[in-house]
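These notes are about the structure you will find just below.
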Amino acid sequence: MARIVPPVGNHKANIALVGEAPGKEEELRLKPFVGPAGNILDRALRAAGISRDACYITNVVKVRPPNNDFKSFNMQDLEYWKNALRDELNRIQPNVIVALGERALNALTGMSGVLKYRGSILYSTLCEGLKVVCAEHPAFLLPNRNPSDFHLLVFDLQRAKEESLSKDFPTLPREMLTNPSYEEVLHHLDLALERPDCILDVETDRKQKALLCIGLSYKDGHAICIPLGPSCKVWTEQEELEIWRRLQKVLTCERIGKIGQNIGFDMTILYRYVGEIYPVSFDTMLAHSLLHIEDPHSLAHLTSIYTKYPYYKSDKENLWEYNCIDCIVTRAVYKEMSKEIDEHDMGRVFYGYTMPLFKILWRMERFGCRIDTNKKELSAVEVKKEIEELKKAINKEVGFELNVNSPKQMQHFLYEYLMLPVKRNRKTRRVTADENAINELAVSHPNPVFDKVLELRGKIKDLSTYIDAKVDKDGRMRTAYSMTGADKEDNRLPVTGRLASRKGIYGSGMDLQNIPTRHRSMFLPDDGMILVEADLSQAENRVVAYLAGDEKQIDIFERGGDFHSIMATWLGKDRKVAKSIVHGTNYGMKKRLLSQITGLSQGEAEDVRLKYFKTCPKIAHWQLGIQSKLKADRTLVTPLGRRRVFFGMLGDEMFRRAYAYIPQSTVADWLNINLVALYYRLKGKCDVLLQVHDSVLLQCNPDVLDDVINAICELMQRPFKIHGRMCSIPVEVKIGKNWCDMETFNETTVERDLVR
DNA sequence: TGCAACGGCGCC
DNA sequence: AAAGGGCGCCGTTGCA
């Protein structure tokens, strides 16, 4: 028998909280929000400075749904409860209603998509004249769901508190010029020329990235959308030419800071029309990734946090209007964010490092690297042939067509056809036929086909990923760097401070941070130039030694000894094993995997691991310190000031991520800081081609090689502080005629090279 | 045909 | 009981 859970709270409340339906605990105690979700709500209310007694708390449906499944209510039931809710809220007349979760949002406003609308201030369609603030349902924030969104609930409740002062809606200026005449365009571009900054946002089609229109906002609450691009029929040829000319004047005017959300995209689109846009003073996405690295950096999210404009990204049917709103909102976001940067004293980092690095990376993306296209085509032919032969051999050996790239077919082949013992992925615990599994099977159940399978997979990877990568028409390979992960893949956000490298928006180019050495011979310097690679040597190990404050390790590094050889003698193993043990153990690896990567037995591996901790006890201390820091506030800060909050379950998995985080991001930041410094020091003397996490690839004229290498050594090896102690990371400089055959620099190699 | 999820694998 | 982390791209598969 369904029991009705009545609302609770103050009938004169200015804030009404509306959930979906009672749960088990609520039904038992006949009160809304008293179970686990209720606890979360209470915590969030406290954090937002709202007293529960000052709220009226209710649910859309007052009875617990069978199996807690809201969908089991039919339309009639829902209508009944919605009517009851309308009467209820109209009696209370709160200044603001908080819709907690999808069902409440839907009942109160008719909208759907709570993750999009959270933070938005909306008109209630259920109770006319009343104002709704949308928030995620507390049950959605339980530890096993999405605990990292808790702060968003707090934020939305704070917003509700502000809005509870009156029934009025916030005023949101939106002066939009969506279909301007030619004269209006010129007039507004003239006005823009008088202003110190200008928001820029272009719209393109999704596939070709063909330009559709350009939006500008040179003052608050105002925007103009100028239709332009290959399919634009608005202007005469002459008008269009003049608009581009005036536009270029604004976009390249020294006095006008250009501002945008992920403005690198707009710069890339407009490059063919106006060249490089300059100066770019502020990117809201980059600023946000600096201030709140663990949050999403989409404009939709920024809008919900920094402005009171409601979510608008779902209606794109009027593109010009949409373009204008984007600009107006970006300006509002920009103003708030620039204040936040000043308040947090991040100006030096943001304007002096983040934005310059962004500019340099954008130029590197344009510049690209010359490719030996001949060689590339030849090896394509060769590898294709090898693939065909391997395929034939494998099919002949197994007696049927086997696609080694199909996990499904491979699992069937190994575990059903050959009836071998099933191997699982250690992390996911799922059945796998990956390289590791096959290698293990090859030991227990030798079969000549295994080697061929792995070889074939390798060749297919070589061909598809590296050899077939699309070179631009000018024979150059390009990449797009991401400092934030705005175009995130699989919903993962990069959080390390490392750059990501990927294909460009037009589909050419590739990730240039994972090229196997043997494929690097395709990468050439331009005519008359020489490649210079500067590598931070053993950077992560070094940083770990300083972070842990391990005197023994620091001593080896500072004396310039061969770290791994010395560790090898201490641990009583050969150099290679010692290297793996140290590296793996530093990052939380345990005996099983250590034994796998070293070839030792698990018992031996464990012995060496413990011996390493005994030899360098500070390493274990360091790890324990990280653990307690995470337990205390889930936050780690690197020596270079990068901060990261860790969400999710406290445990070894998080600890391992945390061990890796600080050295990884410290090295990345240190390299990038030096990339900026090098760029300005060597301006005109060299071209920066690539950044690969702990190394940079440059090209320069051989006559300035000395200058270049001196600058590299001077800048990159300068000491910086880790835990109050100065640490210097040596640089290994290599030079070469292609990126594969690089020789460590010393005087004789230069001379030999110059003679050639 | 396009898309998302997944398995697999390249480098630092 | 056992467990490095961080990225992006390709091919397959299943679904719309």
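Residue contacts shown for A433(A) are limited to sugar-phosphate atoms, with no base heavy atom under 4.0 Å away. Using a 4.0 Å heavy-atom criterion, one finds that D694(A) contacts the sugar-phosphate atoms exclusively. Counting any heavy atom pair closer than 4.0 Å across all strands shown, K503(A) reaches sugar-phosphate atoms only and no base atom. Among the protein residues, I515(A) comes within range of the sugar-phosphate backbone only, with heavy atoms under 4.0 Å from sugar or phosphate atoms but none that close to a base. As judged by a 4.0 angstrom heavy-atom cut-off over every strand, R429(A) is placed among residues making no nucleic acid contact. No engagement by T585(A) is indicated, since no non-hydrogen atom pair under 4.0 Å with the nucleic acid exists. Using a 4.0 Å heavy-atom distance criterion, N403(A) is classed as a sugar-phosphate-only contact. E435(A) comes within 4.0 angstrom of the backbone, heavy atoms only, and of no base. Here S501(A) lies in heavy-atom contact (under 4.0 Å) with sugar-phosphate atoms only.
Scanning atom types as modelled, one donor and one acceptor separated by under 3.5 angstrom connect the side chain of R656(A) and the base of dA3(C). Judged by distance alone with a 3.5 Å cut-off, no donor-acceptor contact links the side chain of Q664(A) to the base of dG6(C). For R502(A) against dC9(C), a side-chain-to-base donor-acceptor contact under 3.5 Å is absent. No hydrogens or angles were tested; on distance alone, nothing pairs the side chain of K461(A) with the base of dC10(C) as donor and acceptor under 3.5 Å. The base of dG10(B) is paired with the side chain of N514(A) by a donor and an acceptor separated by under 3.5 Å.
Between Y587(A) and T465(A), the residue whose closest nucleotide on DNA chain C is further toward the 5' end is Y587(A).
Per the geometry, CD belonging to Q602(A) stands 9 Å off C1' belonging to dA2(C), to the nearest Å. In this structure, the CG atom of N436(A) is 11 Å from the P atom of dG8(B), given to the nearest Å. Rounded to an integer number of Å, the gap from I460(A) CD1 to dG7(B) P is 19 Å. Atom CZ in R457(A) sits roughly 12 Å away from atom P in dT12(C) (whole-Å rounding). Remark: C1' of dG8(B) and CD of Q409(A) are 15 Å apart, rounded to the nearest angstrom. In this structure, Q623(A) places its CD atom 16 Å from P of dA3(C), rounding to the nearest Å. Between the OH atom of Y466(A) and the C1' atom of dC9(B) there is a distance of 7 Å, rounded to whole Å. The separation between D652(A) atom CG and dA3(C) atom P is 11 Å, rounded to whole Å.
Dashed line: the shortest gap from a side-chain N or O of R592(A) to OP1 or OP2 of dA3(C) is under 4.0 Å. For dC12(B), the OP1/OP2 oxygens have no side-chain nitrogen or oxygen of R498(A) closer than 4.0 Å. In this structure, S406(A) reaches the dT13(C) phosphate: one of its side-chain N or O atoms is under 4.0 Å from OP1 or OP2. The phosphate of dC3(B) (OP1 or OP2) has a side-chain N or O of R206(A) nearer than 4.0 angstrom. Dashed line: the shortest gap from a side-chain N or O of T432(A) to OP1 or OP2 of dG8(B) is under 4.0 Å. Look at K408(A) and you'll find a side-chain N or O under 4.0 angstrom from OP1 or OP2 of dG14(C).
A salt bridge links K423(A) and E440(A); the closest N-O separation between the charged side-chain nitrogens and carboxylate oxygens is under 4.0 Å. Using a 4.0 Å cut-off between charged nitrogen and carboxylate oxygen, K591(A) and D607(A) do not count as a salt-bridge pair. Remark: E743(A) does not engage K734(A) in a salt bridge, criterion side-chain N to carboxylate O under 4.0 Å. Contact check on R656(A) versus D652(A) returns no salt bridge, with no Lys/Arg side-chain nitrogen under 4.0 Å from an Asp/Glu carboxylate oxygen. Salt-bridge formation is not detected for the pair D511(A)/K503(A): no Lys NZ or Arg NE/NH1/NH2 atom is positioned less than 4.0 Å from an Asp or Glu carboxylate oxygen.
K427(A) is linked by a side-chain contact (heavy atoms from CB on, under 4.5 Å) to N425(A), E653(A), counting only residues two or more places apart in sequence or in another chain.
Classified by interplanar angle (parallel below 30°, tilted 30° to 60°, perpendicular above 60°), the ring pair F557(A)/F563(A) is parallel. Using bins of under 30°, 30° to 60° and over 60° for the plane-to-plane angle, the ring pair F400(A)/Y417(A) lands in the perpendicular bin.
For DNA chain C, the residues of residues 412-428 of chain A within the heavy-atom distance limit of 4.0 Å (strictly under) are R426(A), K427(A), sorted by number.
Nearest nucleotide to the side chain of R430(A), out of dC11(B), dC6(B), dC12(B): dC6(B). For A500(A), the listed nucleotide lying nearest its side chain is dG8(C); candidates were dC11(B), dG8(C), dA3(C).
Judged purely by distance below 3.5 Å, without hydrogens or angles, the side chains of H288(A) and D295(A) never pair a donor atom with an acceptor atom.
Taking the C1' atoms of five terminal pairs at each end of the helix from dT1(B)-dA16(C) to dC12(B)-dG5(C), the two resulting helix axes are inclined by 10°, rounded to 10°.
Aromatic rings of F358(A) and Y481(A) (six-membered ring for Trp) have centroids beyond the 6.0 Å cut-off, not under it.
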Starting from the C-alpha separation in whole Å, work towards a yes-or-no answer on side-chain contact (heavy atoms from CB on, under 4.5 Å) for K573(A) and L600(A). CA-CA 10 Å; K573(A) 295 286 166 198; L600(A) 302 175; 4.3 Å; yes
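Atom NZ of K579(A) sits in a sparse spot, with 12 or fewer heavy atoms from other residues, nucleotides or ligands closer than 6.0 Å.
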